[in-house]
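These notes concern the structure reproduced below.
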Amino acid sequence: MARGTEFHVRDGSCTRPVGVGELAVSRDPYEVLTAYSLGSCVGLSLYDPVARVGGLLHAQLPLSRMDANQAASWPARFTDTGTTKLLQKVYDMGAKRDRLVAKAVGGASMLDEEGRFRIGERNATVLRKVLWKNNIVIAATDLGGTLSRTLYLHIDDGATRLRIAGRVLPF
């Protein structure tokens, strides 16, 4: 078994971690794309049930304009460029905009008691804005608060699961 891989009891599928500042797309029905520990980061899952293509983004910072060079080489680190890149990758694999099921998680207030940076809130706002500009309706969200979450996207059927406070829930 590869490092960082775990098997789920649900269906024997193999988990593929999507780390901070990463995105992944798949049409492998045995994969479960997983973004662990979404605190102020945002996780975006996209799934086309007809093409059976899914993707997951784990973005750390809201806007790429803070470092254009880094955004060019590491677009998934930023919510704006990462969302656009994820959309392009699922489209390249056959997904269609009008069939996409989008779900967003994270954007919590972590370690910012005074509310000075509001990274989580800004990440969530930018994510909503980019999706709105691309005519993508968000089917479900669990954004804000103060708890970290983990998001699972099952490629076989597009089911998403959310782990929050130690409990795994359908999402």
Side-chain angles (χ1 to χ4, degrees), residues 4-62 76-80 82-87 89-90 93 95 99-112 118-132 134 136-171:
T5 302
E6 67 183 51
F7 288 93
H8 282 255
V9 175
R10 175 180 177 248
D11 56 9
S13 295
C14 182
T15 296
R16 180 161 76 158
V18 179
V20 176
E22 294 180 353
L23 62 83
V25 295
S26 180
R27 65 169 28 109
D28 181 345
Y30 296 102
E31 274 195 314
V32 180
L33 302 180
T34 306
Y36 293 99
S37 300
L38 294 159
S40 61
C41 292
V42 288
L44 170 65
S45 72
L46 297 175
Y47 188 77
D48 180 329
V50 175
R52 297 186 73 172
V53 169
L56 189 62
L57 169 68
H58 186 157
Q60 181 180 33
L61 297 169
R77 182 170 191 211
F78 301 95
T79 302
D80 59 348
T83 302
T84 301
K85 185 79 165 179
L86 180 62
L87 285 166
K89 285 189 167 280
V90 296
M93 291 183 74
R99 298 188 309 234
L100 281 179
V101 178
K103 297 183 181 181
V105 173
S109 294
M110 308 294 288
L111 307 173
D112 187 17
R118 299 181 7 255
I119 300 292
E121 179 183 330
R122 290 171 41 220
N123 272 329
T125 299
V126 170
L127 179 65
R128 285 184 176 115
K129 185 175 183 177
V130 172
L131 291 173
W132 179 78
N134 282 278
I136 306 292
V137 175
I138 304 173
T141 64
D142 191 9
L143 296 164
T146 58
L147 297 175
S148 176
R149 305 144 170 107
T150 295
L151 178 61
Y152 304 91
L153 172 60
H154 294 260
I155 299 301
D156 62 342
D157 61 2
T160 53
R161 305 281 186 274
L162 181 63
R163 185 174 67 212
I164 186 165
R167 297 181 54 209
V168 178
L169 309 165
F171 175 65

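Because only heavy atoms are used, hydrogens play no part in the values below, and waters and symmetry mates are left out as well, while side chains stay in. Since this is a predicted model, take the numbers as computed values, not measurements.
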### Query
Between H58 and V18, is there a donor-acceptor pair closer than 3.5 Å when you use the side chain of the first and the backbone of the second?
yes
### Query
Which residues pass the side chain to side chain donor-acceptor pair (under 3.5 Å) test with T79, sequence neighbours left out?
N123
### Message
Ignoring hydrogens, what is the shortest heavy-atom contact between A165 and L147? Give both atom names and the distance.
### Response
CB-CD1, 4.5 Å
### Task
Write down the atom of D157, the atom of A159, and the distance for their closest heavy-atom approach.
OD1-N, 3.0 Å
### Message
Nearest 0.5 angstrom please: K89 NZ to T84 OG1, how far?
### Response
13.5 Å
### Summary
OG1 of T83 to CG of N134, rounded to nearest 0.5 Å, is 9.0 Å
#### Entry: Point-to-point distance, once rounded to the nearest 0.5 Å, from CG of L151 to OH of Y36
11.5 Å
### Task
Might you point out which heavy atoms bring G144 and R149 nearest each other, and give the distance in Å?
O-NH2, 2.7 Å
### Query
In Å, rounded to the nearest 0.5 Å, how long is the span from NE2 of H154 to OH of Y47?
11.5 Å
### Task
Kindly compute the distance separating CD (E121) from OG (S40), expressed to the nearest 0.5 Å.
12.0 Å
### Query
Taking only residues two or more places apart in sequence, or in another chain, which ones meet S45 in a side chain to side chain donor-acceptor pair (under 3.5 Å)?
none
### Summary
Taken in chain and number order and not counting sequence neighbours, the residues that satisfy side chain to side chain donor-acceptor pair (under 3.5 Å) with S148 are none
### Message
What verdict does the side chain to side chain contact (heavy atoms under 4.5 Å, CB included) test give for L143 and R128, after you've listed the backbone C-alpha separation in whole Å, the side-chain angles of each residue and the deciding distance to 0.1 Å?
### Response
CA-CA 11 Å; L143 296 164; R128 285 184 176 115; 3.4 Å; yes
### Query
Once you round to the nearest 0.5 Å, how far does CG of L61 lie from CZ of R122?
8.0 Å
### Task
With V53 as reference, evaluate V90, I155, L100, L46 under the side-chain contact (heavy atoms from CB on, under 4.5 Å) test and give the passing residue.
V90
